[in-house]
Amino acid sequence: MKSYSIGEFAEKTQLTAYTLRYYEKENLLAPERSSNGRRYYTEVDLGWVHFIRRLKETAMPLKQIKQYALLRKQGETTFAERAQLLTEHREFVKMQLQIWQDHLLSLDTKIHDYQQAIKHYKLNK
């Protein structure tokens with residue numbers, strides 16, 4: 001399995017080394033260590049970081065991401081709890097999506113109103 005130094009991994013994930021160290025400090029990441037103590041990251045870590053980013057982009061609070069990370073670390077016995085946490089977050093995302101769709105409809109309506117007003121204005125000029 002390919003492994004990456006912190007610099008390579010930072011470049012691959014488009015995160016800073018500082019952020020990767022912060023993730024480690026917050027127990028979100030647990031990179032392996034070489035015999036001389038240097039961190040190295042794997043493809044599994046890469047997939048995990050991409051998933052963390054997805055959770056952050058969908059506005060999952062850091063506290064819940066940390067809870068999920070802890071459950072993940074505990075292994076297969078936590079599948080049900082992880083699924084529950086993600087199911088609850090999915091409901092939140094669906095509610096946010098509905099809010100954004102409502103905003104989009106409102107904007108579309110206002111744009112349409114202006115377009116009609118412009119046509120009317122040009123015709124009556």
Side-chain angles (χ1 to χ4, degrees):
M1 181 183 286
K2 178 134 174 70
S3 63
Y4 306 96
S5 69
I6 194 167
E8 293 169 328
F9 197 69
E11 186 175 319
K12 203 150 187 64
T13 59
Q14 298 181 329
L15 295 171
T16 64
Y18 175 84
T19 299
L20 294 171
R21 286 186 199 98
Y22 172 76
Y23 280 6
E24 186 177 354
K25 180 179 166 245
E26 292 296 318
N27 295 312
L28 295 175
L29 259 178
E32 299 293 325
R33 297 281 182 157
S34 65
S35 58
N36 64 1
R38 291 188 176 267
R39 295 171 179 84
Y40 68 90
Y41 300 86
T42 66
E43 293 293 324
V44 172
D45 295 320
L46 185 60
W48 173 232
V49 166
H50 287 305
F51 190 64
I52 290 171
R53 289 183 90 160
R54 181 66 50 105
L55 294 176
K56 286 180 65 179
E57 288 170 1
T58 59
M60 180 181 271
L62 181 59
K63 182 178 177 180
Q64 285 183 320
I65 296 172
K66 288 168 77 170
Q67 180 184 2
Y68 185 91
L70 177 63
L71 292 169
R72 179 180 177 264
K73 196 177 201 176
Q74 292 172 4
E76 295 175 355
T77 60
T78 64
F79 283 164
E81 291 137 299
R82 285 187 265 170
Q84 181 62 36
L85 200 149
L86 293 178
T87 299
E88 290 168 7
H89 185 63
R90 183 178 187 278
E91 289 306 309
F92 168 80
V93 170
K94 283 173 53 179
M95 286 181 352
Q96 295 304 305
L97 181 58
Q98 184 59 54
I99 290 168
W100 281 102
Q101 286 173 332
D102 292 346
H103 292 323
L104 185 59
L105 179 60
S106 178
L107 287 170
D108 288 344
T109 300
K110 187 55 87 174
I111 290 167
H112 179 265
D113 291 347
Y114 280 122
Q115 289 170 337
Q116 293 303 311
I118 291 166
K119 283 181 189 176
H120 183 264
Y121 176 77
K122 285 181 180 179
L123 286 175
N124 293 324
K125 215 173 160 187

Original post:
With side chains defined as the heavy atoms from C-beta onward, is the minimum distance between Leu46 and His50 less than 4.5 Å?
Top reply: yes
Original post:
Is Thr78 reaching over with its side chain to a backbone N or O of Glu81, donor-acceptor style, under 3.5 angstrom?
Top reply: no
**OP:** Mind checking ring pair (Phe, Tyr, Trp, His ring centres under 6.0 Å) for Phe51 and listing every partner two or more places apart, or none if nothing turns up?
**Re:** Tyr68
**OP:** Hey, could you give me the CD1/CG distance between Ile118 and Asp113, rounded to the nearest 0.5 Å?
**Re:** 11.0 Å
Original post:
Does any non-hydrogen side-chain atom of His120 lie less than 4.5 Å from one of Gln116?
Top reply: no
Original post:
Would a distance-only check, ignoring hydrogens and angles, find a side-chain to backbone donor-acceptor pair under 3.5 Å from Thr87 to Ala83?
Top reply: yes
**OP:** Could you tell me the separation between the CG atom of Leu107 and the NE2 atom of His112, rounded to the nearest 0.5 Å?
**Re:** 14.5 Å
Original post:
Does atom CZ of Arg54 have more than 12 heavy-atom neighbours, drawn from other residues, nucleotides or ligands, at distances under 6.0 Å?
Top reply: no
Subject >> Over all atoms of both residues, closest heavy-atom pair of Ser3 and Glu8 >> reply: O-OE1, 4.1 Å
**OP:** Report yes if some heavy atom in the side chain of Leu70 is under 4.5 Å from a heavy atom in the side chain of Asn27; otherwise report no.
**Re:** no
**OP:** Kindly state each residue pair satisfying ring-ring contact (aromatic ring centres under 6.0 Å, His included) with at least one member in residues 7-31, sequence neighbours excluded.
**Re:** Phe9-Tyr41
Original post:
Say you draw a straight line from CG of Asp102 to CG of Leu97; how long is it, rounded to the nearest 0.5 Å?
Top reply: 9.5 Å
Original post:
Honestly curious: do Leu62 and Leu85 fall in one hydrophobic cluster under the side-chain, below-4.5 Å linking rule?
Top reply: yes
Original post:
Atom NE2 in His89, atom OG1 in Thr58: separation rounded to 0.5 Å?
Top reply: 2.5 Å
**OP:** Using the six-membered ring wherever Trp is involved, compare the ring planes of Trp100 and His103 and label them parallel, tilted or perpendicular (cut-offs 30° and 60°).
**Re:** perpendicular
Subject >> Stepwise side-chain contact (heavy atoms from CB on, under 4.5 Å) check, Arg21 with Ile6 >> reply: CA-CA 9 Å; Arg21 286 186 199 98; Ile6 194 167; 4.0 Å; yes
**OP:** Please answer whether the main-chain N or O of Thr13 pairs with a side-chain N or O of Arg53 as donor and acceptor at a distance below 3.5 Å.
**Re:** yes
**OP:** Following the transitive rule for hydrophobic clusters with a side-chain heavy-atom cut-off under 4.5 Å over Ile, Leu, Val, Met, Phe, Trp and Tyr, establish whether Phe79 and Trp48 coincide in one cluster.
**Re:** no
Original post:
Are Lys94 and Glu91 close enough for a salt bridge, meaning some N to O gap below 4.0 Å?
Top reply: yes
**OP:** Output the distance between atom NZ (Lys12) and atom CG (Asp45), rounded to the nearest 0.5 Å.
**Re:** 13.0 Å
Subject >> Shortest non-hydrogen contact from Ala10 toward Ala17 >> reply: CB-N, 4.0 Å
Original post:
Quick one: CG on Leu28 to CZ on Arg72, what's the gap to the nearest 0.5 Å?
Top reply: 10.0 Å
Original post:
Can you tell me if NZ on Lys119 sees more than 12 non-hydrogen neighbours from other groups inside 6.0 Å?
Top reply: no
Original post:
Hey, are the side chains of Arg39 and Arg33 touching, using non-hydrogen atoms and a 4.5 Å cut-off?
Top reply: yes
Original post:
Quick check: are there more than 12 heavy atoms from other residues, nucleotides or ligands sitting under 6.0 Å from CD of Glu11?
Top reply: no
Original post:
Are side-chain N/O atoms of Ser34 and Arg38 paired as donor and acceptor at under 3.5 Å?
Top reply: no
Original post:
Applying the side-chain contact (heavy atoms from CB on, under 4.5 Å) test to Met60, which of Val93, Ile52, Ile65 qualifies?
Top reply: Ile65
